[in-house]
Amino acid sequence: MDSLAKEHLHIFFFPYMAHGHMIPTLYLAKLFTSRGVKASIVTTPLNVPYISKAIANTEIGIRTIKFPAVEAGLPEGCENADSLTTQGSDGRGMVQKFMKATTMLQEPLEQLLEEARPDCIVSDMFFPWSTDAAAKFGIPRLVFHGTGFLSLCVIECLRLYESYKNVSSDTEPFVLTGLPGGLKLIKNQLPDFMRDNVETEFSRMMNFVQESELKSYGVVVNSFYELESAYADYYRNELGRKAWHVGPVLLCNRNSEHEAHRGKEAAIDELECLKWLYSKKPDSVIYICFGSKTNFKASQLKEIAIGLEASGQQFIWVVRRGREEEETEAWLPEGFEKRIEGKGLIIRGWAPQVLILNHESVGGFVTHCGWNSILEGISAGVPMVTWPVSAEQFYNEKLVTEVLKIGVAVGAKKWLILYGDFVNNDAVEKAVSRLMVGEEAEEMRSRAKALGEKAHKAVEVGGSSYNDLNALIDELRLHRY
């Protein structure tokens, strides 16, 4: 038994094929390998080059299964959700076809599980069918949502109590029944299928996700206890879910080279970016980035530009333009770049976000409230202007602005996939100024820095996330025997 106990656990990690999902899953795999677990990433052929680069110099293996793009009605070679044409009338159709293609991965995954017999599979929430696939071989499936406890609790409370059905308008606030803290939302901040009370492909998928979670072995959460303790307790004790907090997983390898090359190839030279940042005073720069999926229209980009200039703050602004803006710079006010020379830096494309956020000159972050970005801001000790767009981002906003009190809401009020709610330049100017200047700004920054220190302590030996990961690994070892 002793010699058997020393054998490595072998865990499969199966990320959804989109950068926002792949990045934290790869961090998670690295975290497990740091405790002597053997890890293998399951993915499709065209995602291998990116994953290989991300796990270089590790012992993590890669197992591939064919992606049925053509069979699902997608173009040949479409194997990553970030490559979907999500704009225009066919946008949602493409997403649905991609989701359909992922359900067709069940059989090849089962063949892989039968052949390799891992001790556990950690798979993305968007693969709810993987619970049944793993159960066929007696393999426990852990769900990885890639979000925090508060949003998981909100989703479950909305499902259980449906308190949003008791309001007379889309803008009337309602209390999230059952949830600690008395937090309120409005109907407009909920996903459209919930708001309109209609069944869609996506709502059916989300129901399947929730059902499969209940049947799974448990949930791995990219969070730390000190960040949202009331919601971690509620999720595990009141809702009765088995869950382990092991984050922030991005802190599993902290070196500047990795921080610079996280995700896609950066659209700016790392040294050029650092040179610009080093020329600025501590906490004097605000960083603006809306993740890998949001595509604001030209009219919205123009409002941001006007608001930033009016705020008088120094900034780094990452701009992802939609198709209509790609051939033109019409979204920029006339003479804008000349006027902001030396004061503002525009990055068109992918940016080395973790590297930027951790620089001492950065004192604020305008974010779409995706969980990866929230944790990157918190780990760097930076307060935030919250600008949620869709997904669970409005719930994450509540954590930042009302629970942690390390952020200012810009005023986005409506859940709108891809393009987001329109926000005018006055609101941008006010939120940025409020975050960067004055006594309230200093208090938020102080709280954010203290949280950043707690994030780092959580993953160190003896920290809350370090201990929870050990507990999970011990439990999986016992399950094996």
Practice problem: Identify, with sequence neighbours excluded, every residue that meets side chain to side chain contact (heavy atoms under 4.5 Å, CB included) alongside Pro24. | Solution: Phe144, Asn222, Val249, Asn372

Practice problem: Please identify each residue that fulfils ring-ring contact (aromatic ring centres under 6.0 Å, His included) with Trp317, with sequence neighbours left out. | Solution: Trp331

Quiz prompt | Residue from Thr102, Leu46, Asn47 passing side chain to side chain contact (heavy atoms under 4.5 Å, CB included) with Phe67 | solution = Thr102

Quiz item: Is any NZ, NE, NH1 or NH2 atom of the basic residue among Glu392 and Lys398 found under 4.0 Å from an Asp or Glu carboxylate oxygen of the other?
Solution: no

Self-check item: Heavy atoms of other groups near Glu107 CD, more than 12 under 6.0 Å
Solution: no

Quiz item: Is the NZ or CZ atom of Arg35 positioned over Tyr466's six-membered ring, under 6.0 angstrom from the centre and within 45° of the axis?
Solution: yes

Quiz item: Centres of the His368 and Phe290 rings: under 6.0 Å?
Solution: no

Quiz item: Regarding Glu397 and Thr386, is there a side-chain donor-to-acceptor distance under 3.5 Å anywhere?
Solution: yes

Quiz item: Can you find a pair of side-chain heavy atoms, one from Val198 and one from Asp192, that are under 4.5 Å apart?
Solution: no

Quiz item: Which pairs count as ring-ring contact (aromatic ring centres under 6.0 Å, His included) when at least one residue sits in residues 215-250, sequence neighbours excluded?
Solution: Phe149-Tyr235, Tyr217-His479, Tyr225-His245

Quiz item: Are the ring centres of Trp415 and Phe394 closer than 6.0 Å?
Solution: no

Self-check item: Note: Glu303-Lys297 ion pair, threshold 4.0 Å (strictly below)
Solution: no

Exercise. Might you work through the ring pair (Phe, Tyr, Trp, His ring centres under 6.0 Å) test for Trp387 and Phe296, ending with a clear yes or no?
Key: CA-CA 12 Å; Trp387 191 324; Phe296 285 148; 5.4 Å; yes

Practice problem: Return the set of residues passing side-chain hydrogen bond (donor to acceptor under 3.5 Å, both in side chains) with Glu156 (not counting sequence neighbours), or none when no residue passes. | Solution: Arg159, Arg241

Self-check item: salt bridge (charged side-chain N to carboxylate O under 4.0 Å, His left out) between Lys97 and Glu71, intermediate numbers included
Solution: CA-CA 9 Å; Lys97 286 173 184 174; Glu71 295 89 326; over 6 Å; no

Quiz item: Side chains of Thr131 and Arg141: donor-acceptor distance under 3.5 Å anywhere?
Solution: yes

Practice problem: Using the side chain to side chain contact (heavy atoms under 4.5 Å, CB included) rule, pick out the option among Ile347, Leu357, Val362 that qualifies with Ile316. | Solution: Ile347

Quiz item: Who passes side chain to side chain contact (heavy atoms under 4.5 Å, CB included) against Thr58, sequence neighbours left out?
Solution: Lys30, Ile55, Ile60

Exercise. Can you establish whether the number of heavy atoms outside Asn237 located under 6.0 Å from its atom CG is more than 12?
Key: yes

Self-check item: Heavy-atom side-chain contact between Lys165 and Asn197 under 4.5 Å
Solution: yes

Practice problem: Would you please name every residue forming a salt bridge (Lys or Arg N to Asp or Glu O under 4.0 Å) with Asp468, sequence neighbours left out? | Solution: Arg236

Quiz item: Side chains of Tyr287 and Gln353: is there a donor and an acceptor less than 3.5 Å apart?
Solution: yes

Practice problem: Please test Lys414 against Asp170 for salt bridge (charged side-chain N to carboxylate O under 4.0 Å, His left out), starting from the C-alpha separation and ending with a verdict. | Solution: CA-CA 9 Å; Lys414 190 165 186 179; Asp170 288 350; 5.9 Å; no

Quiz item: How about Phe127 and Phe14: are their ring centroids closer than 6.0 Å?
Solution: yes

